[in-house]
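Remarks on the structure that follows.
Counting from 1, the numbers follow the sequence of the chain as shown.
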Amino acid sequence: MTPMVIAEEVHKSFGSNHVLRGISLEVAHGEVMCLVGPSGSGKSTFLRCINHLEKINSGRITVDGTLIGYREHAGKLYELKAREAATQRSGIGMVFQKFNLFPHMTALENVTVGMVRVQGINTSDAQVESKKLLARVGLAEKLYHYPAHLSGGQQQRVAIARSLAMKPQLMLFDEPTSALDPELVGEVLDVMKELAASGMTMIVVTHEMGFAREVADSLVFMDGGVVVEAGKPVEILSNPTQERTKSFLSKVL
């Protein structure tokens, strides 16, 4: 089976800052991959390139066999129009560090709005599905609460439900627990564990090494815009082969 995600020699620069320096990796269907590494190593930028929130300078990324952000003709790549790229992006869920909920909408409305506006589902049907999703993330009692009246962990779970509402084939998580108080981290990780158990393909940028060890199928250590080391989480966390990986893990484990 073709991998869900294939990245080939992906480069990304912001001006003179060469952030990604030839990232190549594959993620299988149903795989959970965790990206770890120091701040500034390119992890979040790479995640944003997967759904074309950031345009790559060279290389290519495919998701489920579809070239992301570009079309190929006569051996050359041409960037998709904004609407075409948005259509591609709708099949790739993304959960950010900050929850990005609409503050004037209830939890139910935050989850429903994308189904109505993007997918064209009628409001009543969308609300039925939204209630199921909010129950799935443990928020059945918070349907009519506004973000300001929800804890950080609850807001992040609404954000996860909102992404799931688009029925994505791939979920991207950009340090989803980093903005949370420590006592709220577990409730978000529990939802992510349930997603992983259900077979969702996930790429997770995280500093939660316990989650990576327990849930991830693969672990990628990035630094300086390159993949330094990749493999099974238990092997890398217990016996890294690269000195840079050893140095990093000695500080976070």
Side-chain angles (χ1 to χ4, degrees), residues 4-27 31-63 68-69 85-86 88-101 152-153 155-156 159-160 162-163 166 168 170-180 185 188-189 191-192 195-196 200-212 215-230 233 236 244-245 248-249 251-252:
M4 175 64 82
V5 179
I6 303 175
E8 302 173 84
E9 287 296 317
V10 173
H11 287 259
K12 173 64 182 178
S13 296
F14 296 99
S16 61
N17 185 14
H18 197 173
V19 179
L20 300 179
R21 300 171 177 265
I23 300 293
S24 295
L25 53 78
E26 295 183 356
V27 183
E31 179 178 348
V32 178
M33 174 181 283
C34 282
L35 304 181
V36 302
S39 297
S41 59
K43 308 180 301 295
S44 294
T45 297
F46 176 62
L47 212 63
R48 292 170 65 86
C49 288
I50 293 174
N51 64 0
H52 202 58
L53 285 175
E54 296 289 354
K55 303 174 185 178
I56 63 177
N57 296 112
S58 63
R60 56 195 291 143
I61 298 172
T62 61
V63 173
I68 295 298
Q88 281 190 339
R89 197 176 295 125
S90 68
I92 304 172
M94 187 159 186
V95 178
F96 300 88
Q97 296 178 41
K98 296 183 179 178
F99 323 121
N100 295 339
L101 299 179
Q155 290 183 60
Q156 191 62 292
I160 293 173
R162 180 180 58 184
S163 290
M166 305 307 291
L170 169 68
M171 285 285 286
L172 309 176
F173 292 87
D174 187 8
E175 299 192 38
T177 60
S178 65
L180 300 178
V185 168
V188 174
L189 293 181
V191 171
M192 295 171 64
L195 281 179
M200 175 66 73
T201 309
M202 299 161 55
I203 304 177
V204 184
V205 173
T206 185
H207 293 294
E208 299 290 339
M209 297 302 164
F211 174 84
V215 180
D217 300 296
S218 58
L219 184 72
V220 174
F221 174 66
M222 290 178 59
D223 190 29
V226 301
V227 173
V228 176
E229 192 165 355
I236 292 179
R244 183 65 188 94
T245 315
F248 173 77
L249 291 177
K251 297 179 176 70
V252 300

Output for pair (T62 OG1, I68 CD1), nearest 0.5 Å, gives 7.5 Å

For T45, all residues meeting side-chain hydrogen bond (donor to acceptor under 3.5 Å, both in side chains), sequence neighbours excluded: none

Pairs meeting criterion salt bridge (charged side-chain N to carboxylate O under 4.0 Å, His left out) with involvement of residues 215-225, two or more places apart: D223-R244

To the nearest 0.5 Å, what is the distance between CZ on F46 and OG on S41? 12.0 Å

Go through the structure and list residues passing side chain to side chain contact (heavy atoms under 4.5 Å, CB included) with V215, not counting sequence neighbours. V32, K193, A196, F211

side-chain hydrogen bond (donor to acceptor under 3.5 Å, both in side chains) partners of S163, counting only residues at least two apart: none

From M192 atom CE to M200 atom CE, the distance as rounded to the nearest 0.5 Å: 11.5 Å

Sequence-distant partners of K55, side-chain hydrogen bond (donor to acceptor under 3.5 Å, both in side chains), two or more places apart: E79

Residues that F221 engages under ring-ring contact (aromatic ring centres under 6.0 Å, His included), provided they are two or more places apart: F248

Test side-chain hydrogen bond (donor to acceptor under 3.5 Å, both in side chains) applied to S44 - qualifying residues, sequence neighbours left out: D174

Who passes salt bridge (Lys or Arg N to Asp or Glu O under 4.0 Å) against R48, sequence neighbours left out? E54

Identify, with sequence neighbours excluded, every residue that meets salt bridge (Lys or Arg N to Asp or Glu O under 4.0 Å) alongside E9. none

With sequence neighbours excluded, tell me which residues meet side chain to side chain contact (heavy atoms under 4.5 Å, CB included) with A86. R89

Contacts table for residues 15-22: side-chain donor-acceptor under 3.5 angstrom, sequence neighbours left out:
from: H18; atom 1: NE2; to: H11; atom 2: ND1; distance (Å): 2.9
from: H18; atom 1: NE2; to: L20; atom 2: O; distance (Å): 3.0
from: R21; atom 1: NE; to: H18; atom 2: O; distance (Å): 3.2

